[in-house]
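Data block below; observations after.
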Amino acid sequence: MKITTATFSLLLVLALCSQYAESCVPFYLTFGIIASRSSVLLKEDLKKYDATPEEYEAFRKIQECYIEHFFGRTLKDIELMTITTLSRECLEYLITQSIKFKKSLLGIF
């Protein structure tokens, strides 16, 4: 029984790590739509997340901030977020947290 539980725990950790990786693409897609300054595209994109009208308005306000500034500033934001999320420190933190989580699960069983 312990082997089955440990195997399940490892699969859970792998699933959580892959969810982090899978969430990067939708995040950058939505951010790209916000940066595109199109409220129509934003509304369509947020439909897949079942966003409430309040959530849509919050994203629309962020989009309005980008509309007020020139596109070069938007590119700087994209560059900063990409550098941050793909930095060695960020990736090492993710791996460390995954290992700690795996060890805590194995310790339980």
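Keep in mind that what you see is a predicted model, and the values were worked out from it rather than measured.
- Counting heavy atoms from C-beta outward, F31 and S36 have side chains that stay 4.5 Å or more apart.
- Under the 3.5 Å distance criterion, the side-chain polar atoms of Q63 are left unmatched by any main-chain donor or acceptor of A35.
- Note that SG of C65 is 10.5 Å distant from CD1 of I34, once rounded to the nearest 0.5 Å.
- Atoms CD and CG, on E57 and L46 in that order, are 10.5 Å from each other to the nearest 0.5 Å.
- Considering only heavy atoms from C-beta on, R37 comes within 4.5 Å of F71 through its side chain.
- Annotation: side chain of T52 is in contact with side chain of E55 (closest heavy-atom distance under 4.5 Å).
- Here OG1 of T30 is found 7.0 Å from CZ of F59. Values are rounded to the nearest 0.5 Å.
- Using a cut-off of 4.0 Å between Lys/Arg side-chain N and Asp/Glu carboxylate O, K47 and D50 are scored as not salt-bridged.
- Contact check for R60 versus I67: side-chain heavy atoms found under the 4.5 Å cut-off.
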Are I33 and E44 close enough, and set up right, to give a side chain to side chain contact (heavy atoms under 4.5 Å, CB included), and what steps lead you there? CA-CA 10 Å; I33 289 171; E44 286 302 311; over 6 Å; no
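- Looking at heavy atoms from C-beta onward, K100 lies in side-chain contact with T96 at the 4.5 angstrom threshold.
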